[in-house]
Amino acid sequence: MTATPDSTAAAATAPAPPVSSESKRPARILGLDGPRGFACLCVLAVHVGGHYSPQTVLTYKLGLLGQGLIFFFALSGFLIFLPMVRKLFVGKPMPNNVSYAMHRLLRVFPAYLFIFLFANFVMRAVFVENAAVAEQHFTDNGLGVLTDPLTLLANLTLVHSYIPSMLQTGINPSWSLSLEFAFYLALPLLTGIAFYLRKRTSISAPVLAMIPVVIMFVIGVTGKLYTASLVGPSGITDPKLLDWGPNEIAVLSRSFWSLADNFTYGMLAAVVFVAIDNGIMKGAIATKMRWWTGIAMIPTAAISLKLIDDNSRWQSSTVAFGSALLILFIIVPLARGEKSVLAERADWAPLSYVGMISLSVYLWHFPVLIMVGRFGWMAGDSPLGMLRNFVLVSAVSIAFGTVTYRFIEKPALTYARRFKASK
């Protein structure tokens, strides 16, 4: 939801230039906005269903739709790492950290702050206590206005997800933004190691690009293992509380330490994409890459379904890996300077539009589904009822998202790009 490519991050749609060239690339990557929009709507659907149609979600296993959020993490890894990899491969300096920080802050905080404050003080539709404990289907239990100064400050600064008593307060899906910001902080630090070694050693660029990938993978794996070791001694047996409750294990489960590898696979996809784009990866490996990724998605999907069914903490890892495979499957012909019909069709205009405004839609949808329920407009717990609720909440969320994108997100991003151009 928060990763938007700039002119240096976009994929080429024309034949790949020589390694030393400085061709100007398009301002967006063809084929990724549509899947981003689809993933956003999947998350929206599972939240609407979870609150108003829990039995329908359970019966038809629609909780799988929530995995759309993992796609966003993999996509962030790909899009945000991509311009860094490009510069590393051609021997240029690392992107300016000040411009990077400005862009990341303005990408998220203006929209988030406005929506959070509006949802809290006007709609009165944020969680004032942990959602996993307080939430009851069809009710407003646990919802209201956050007035505690510390909890309010923690939500405004997106650090609430690191404090057990404040986890899942405010706009409860905002925990993912806390995770994204941890990734934003870690990425330039880890990538800086590769750029440092590029100037002082003869290590090849593809190997150097793998340094932050490997480190982030190790961070995620060790975090999962450590968190798992705490489950038994904690005495907590409810899976919902282990994942979302006001306790240390839930905080660790939602933290960068446990979920860093969700970004790793998208980063790996960026390395593969640039290696093909620059002619370093060629031959059958490059020309058949779409087939390799397509075949790999089949066992990956099967393993992911099994892990999800077992409620394994490793489920997000395999889903993120599958998401990276999907990204390459859609766009890898572009790296070879070829046309991708699949990428063109994936960017179906309605889904592409939702993808463009996905951050606002993602933040609006939970307060909206609460308000729509208060007005008595939500249907009952049935497949048709859930579909009706989904369409209604989607329409309102997209309308609200359109306004905040037009008047808050877009101006902030325009300023960030101007700031970068001035450097």
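Atoms considered below: every heavy atom in the structure, side chains included; atoms not considered: hydrogens, waters and symmetry mates. All figures in this text were calculated on a predicted structure; none of them were measured in a lab.
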*Asks:* With a 4.5 Å cut-off on side-chain heavy atoms, are Asp310 and Lys306 touching?
*Replies:*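 Yes, their side chains come closer than 4.5 Å.
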*Asks:* Do any N or O atoms from the side chain of Ser394 and from the backbone of Val391 form a donor-acceptor pair under 3.5 angstrom?
*Replies:* no
*Asks:* Taking the side chain as every heavy atom from C-beta outward, state whether Ile115 and Phe400 have any atom pair closer than 4.5 Å.
*Replies:* no
*Asks:* Are the side chain of Asn120 and the backbone of Leu146 linked by a donor-acceptor contact shorter than 3.5 Å?
*Replies:*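 It does hold such a pair.
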*Asks:* Tell me whether the count of non-hydrogen atoms from other residues, nucleotides or ligands lying under 6.0 Å of CZ in Arg290 goes above 12.
*Replies:*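 Check passes, neighbour count above 12.
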*Asks:* Hey, is CD1 on Ile285 packed in by over 12 heavy atoms from elsewhere, all under 6.0 Å?
*Replies:* no
*Asks:* Check whether the ring centres of Trp348 and Phe38 lie less than 6.0 Å apart, and answer yes or no.
*Replies:*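 No, too far apart.
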*Asks:* Quick check: closest heavy atoms across Asp381 and Gln55, and the distance to 0.1 Å?
*Replies:*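 Result for this residue pair: OD2-N, 2.9 Å.
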*Asks:* Can the ring centres of Phe118 and Trp364 be said to be less than 6.0 Å apart?
*Replies:*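 Yes; Trp364 has its ring centre under 6.0 Å from that of Phe118.
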*Asks:* Between Glu409 and Arg107, is a salt bridge (charged side-chain N to carboxylate O under 4.0 Å, His left out) present by the stated rule, with each step listed?
*Replies:* CA-CA 7 Å; Glu409 281 192 71; Arg107 177 69 189 97; 2.6 Å; yes
*Asks:* Please check if the side chain of Lys224 supplies one atom and the backbone of Ser258 the other of a donor-acceptor pair under 3.5 Å.
*Replies:*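 Yes; at least one donor-acceptor contact below 3.5 Å.
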*Asks:* Looking at Ala194 and Leu208, what are the two nearest heavy atoms and their distance?
*Replies:* CB-O, 3.3 Å
*Asks:* Is it the case that atom NZ in Lys61 sees more than 12 heavy atoms from other parts of the structure closer than 6.0 Å?
*Replies:*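 12 or below, so no.
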*Asks:* Using modelled atom types and a 3.5 Å cut-off, is there a donor and acceptor pairing between side-chain atoms of Asp238 and backbone atoms of Lys240?
*Replies:* yes
*Asks:* Counting C-beta onward and ignoring hydrogens, is there a side-chain heavy-atom pair between Leu44 and Val393 closer than 4.5 Å?
*Replies:*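 In contact.
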*Asks:* Among Val368, Val372, Leu369, which one satisfies side-chain contact (heavy atoms from CB on, under 4.5 Å) with Leu392?
*Replies:*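 The residue from Val368, Val372, Leu369 that satisfies side-chain contact (heavy atoms from CB on, under 4.5 Å) with Leu392 turns out to be Val372.
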*Asks:* Which residues pass the ring pair (Phe, Tyr, Trp, His ring centres under 6.0 Å) test with Trp377, not counting sequence neighbours?
*Replies:* Phe375
*Asks:* Can you tell me if Asp261 uses its side chain to pair, donor with acceptor, with the backbone of Thr264 under 3.5 Å?
*Replies:* no
*Asks:* Looking only at side-chain N and O atoms, does His160 offer a donor or acceptor that is under 3.5 Å from a partner on Gln168?
*Replies:* no
*Asks:* I'd like to know whether Phe263 forms a side-chain contact (heavy atoms from CB on, under 4.5 Å) with Ile80, so could you lay out the CA-CA distance, the side-chain angles of the two residues, the decisive distance to 0.1 Å, and finally the verdict.
*Replies:* CA-CA 10 Å; Phe263 301 94; Ile80 299 174; over 6 Å; no
*Asks:* At their closest point, which heavy atom of Gly245 faces which heavy atom of Asn130, and how far apart are they?
*Replies:*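 Nearest heavy atoms, Gly245 then Asn130: C-ND2, 3.5 Å.
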*Asks:* Is a side-chain donor or acceptor of Thr222 paired with a backbone partner of Ile219 at a separation under 3.5 angstrom?
*Replies:* yes
*Asks:* To the closest 0.5 Å, what do you measure between CD1 (Ile215) and OG1 (Thr191)?
*Replies:*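 Interatomic distance, Ile215 CD1 to Thr191 OG1, rounded to 0.5 Å: 9.0 Å.
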*Asks:* Under the criterion side chain to side chain donor-acceptor pair (under 3.5 Å), I'd like the reasoning laid out for Thr151 against Thr169: C-alpha separation, chi angles, the key distance, then a yes or no.
*Replies:* CA-CA 8 Å; Thr151 306; Thr169 59; over 6 Å; no
*Asks:* For Thr318 and Gln315, indicate whether the former's side chain and the latter's backbone hold a donor-acceptor pair under 3.5 Å.
*Replies:* yes
*Asks:* Taking the side chain as C-beta and beyond, is there a heavy-atom pair between Leu259 and Ser316 under 4.5 Å?
*Replies:*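 Yes, at least one pair of side-chain atoms sits under 4.5 Å.
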*Asks:* A quick test of your reading: do over 12 heavy atoms of other residues, nucleotides or ligands sit less than 6.0 Å from CG of Leu384?
*Replies:*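 Open: at most 12 neighbouring heavy atoms sit under 6.0 Å from CG of Leu384.
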*Asks:* Please state whether the rings of His47 and His365 are parallel, tilted or perpendicular, taking 30° and 60° as the class boundaries.
*Replies:* parallel
*Asks:* When you check the gap from the basic side-chain N to the acidic O, do Arg86 and Asp277 get nearer than 4.0 Å?
*Replies:* yes
*Asks:* I would like to know whether Leu334 and Ile331 meet side-chain contact (heavy atoms from CB on, under 4.5 Å); could you show each step before the answer?
*Replies:* CA-CA 6 Å; Leu334 304 178; Ile331 68 170; 4.1 Å; yes
*Asks:* For Trp257, does the CH2 atom have more than 12 heavy-atom neighbours from other residues, nucleotides or ligands under 6.0 Å away?
*Replies:* yes
*Asks:* For the backbone of Ile330 and the side chain of Ser340, can you confirm whether one donor and one acceptor N or O come within less than 3.5 Å of each other?
*Replies:* yes
*Asks:* Kindly say whether the aromatic ring centers of Tyr112 and Phe181 come within a distance under 6.0 Å.
*Replies:*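 Not under 6.0 Å, so no.
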*Asks:* Within the structure provided, determine whether Val159 and Met166 are in side-chain contact (heavy-atom separation under 4.5 Å).
*Replies:* no
*Asks:* Hey, could you give me the OG/CG distance between Ser234 and Leu242, rounded to the nearest 0.5 Å?
*Replies:*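 It is 5.5 Å, given to the nearest 0.5 Å.
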*Asks:* At their closest point, which heavy atom of Ala270 faces which heavy atom of Phe78, and how far apart are they?
*Replies:*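 Scanning both residues, the minimum pair turns out to be N-CD1, 3.5 Å.
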*Asks:* Could you walk me through whether Asp243 and Arg313 pass salt bridge (charged side-chain N to carboxylate O under 4.0 Å, His left out), step by step?
*Replies:* CA-CA 9 Å; Asp243 286 340; Arg313 66 179 59 254; 5.2 Å; no
*Asks:* Is it the case that the side chain of Asn389 and the backbone of Ala379 share a donor-acceptor pair, with hydrogens and angles ignored and the cut-off at 3.5 Å?
*Replies:* yes
*Asks:* Just wondering, are more than 12 heavy atoms of other shown residues or ligands nearer than 6.0 Å to CZ in Phe217?
*Replies:*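 Incorrect, the count does not exceed 12.
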*Asks:* Once you round to the nearest 0.5 Å, how far does CE of Met378 lie from OH of Tyr52?
*Replies:* 5.0 Å
*Asks:* Supply the atom-to-atom distance Tyr196 OH to Ile193 CD1, rounded to the nearest 0.5 angstrom.
*Replies:*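 With rounding to 0.5 Å, OH (Tyr196) is 11.0 Å from CD1 (Ile193).
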*Asks:* Measure the shortest side-chain to side-chain distance between Leu143 and Asp140 over non-hydrogen atoms and say whether it is less than 4.5 angstrom.
*Replies:*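 Yes, side chains in contact.
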*Asks:* Apply side-chain contact (heavy atoms from CB on, under 4.5 Å) to residues Arg198 and Ile203 and explain how you reach the verdict.
*Replies:* CA-CA 7 Å; Arg198 178 69 162 156; Ile203 301 173; over 6 Å; no
*Asks:* Take Leu359 and Tyr405 through the side-chain contact (heavy atoms from CB on, under 4.5 Å) test and state the conclusion after the steps.
*Replies:* CA-CA 9 Å; Leu359 173 62; Tyr405 179 81; over 6 Å; no
*Asks:* Please give me the minimum heavy-atom distance between Ala324 and Tyr265, naming the atom from each residue.
*Replies:* CB-O, 3.2 Å
*Asks:* Is the closest basic N to carboxylate O distance between Asp33 and Arg36 below 4.0 Å?
*Replies:*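 Looking at Asp33 and Arg36, the cut-off is met.
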*Asks:* Can you confirm whether Arg345 is buried at CZ, in the sense that more than 12 heavy atoms of other residues, nucleotides or ligands lie under 6.0 Å from that atom?
*Replies:*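 At most 12 heavy atoms, drawn from other residues, nucleotides or ligands, come within 6.0 Å of this atom.
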*Asks:* State, without any angle test, whether Ser176 and Tyr362 hold a side-chain donor-acceptor pair at a distance under 3.5 Å.
*Replies:*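 Side chains of Ser176 and Tyr362: pair found under 3.5 Å.
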*Asks:* Any sub-3.5 Å donor-acceptor pair from Tyr184's side-chain atoms to Leu105's backbone N or O?
*Replies:* no
*Asks:* Considering all heavy atoms of both residues, which atom of Leu167 and which atom of Ala250 are nearest to each other, and what is their separation?
*Replies:*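 That would be CD2-CB, 3.6 Å.
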*Asks:* Quick one: OG1 on Thr404 to CZ on Phe114, what's the gap to the nearest 0.5 Å?
*Replies:*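 These two atoms lie 7.5 Å from each other.
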*Asks:* Nearest 0.5 Å, please: how far is CG in Leu351 from CE in Met356?
*Replies:* 13.0 Å
*Asks:* So Lys87 and Phe195, do their side chains get closer than 4.5 Å, heavy atoms only?
*Replies:* yes
*Asks:* Just say parallel, tilted or perpendicular for the rings of Phe256 and Phe183, cut-offs at 30° and 60°.
*Replies:* tilted
*Asks:* Tell me, do Glu248 and Leu230 make a side-chain contact under 4.5 Å, heavy atoms counted?
*Replies:* yes
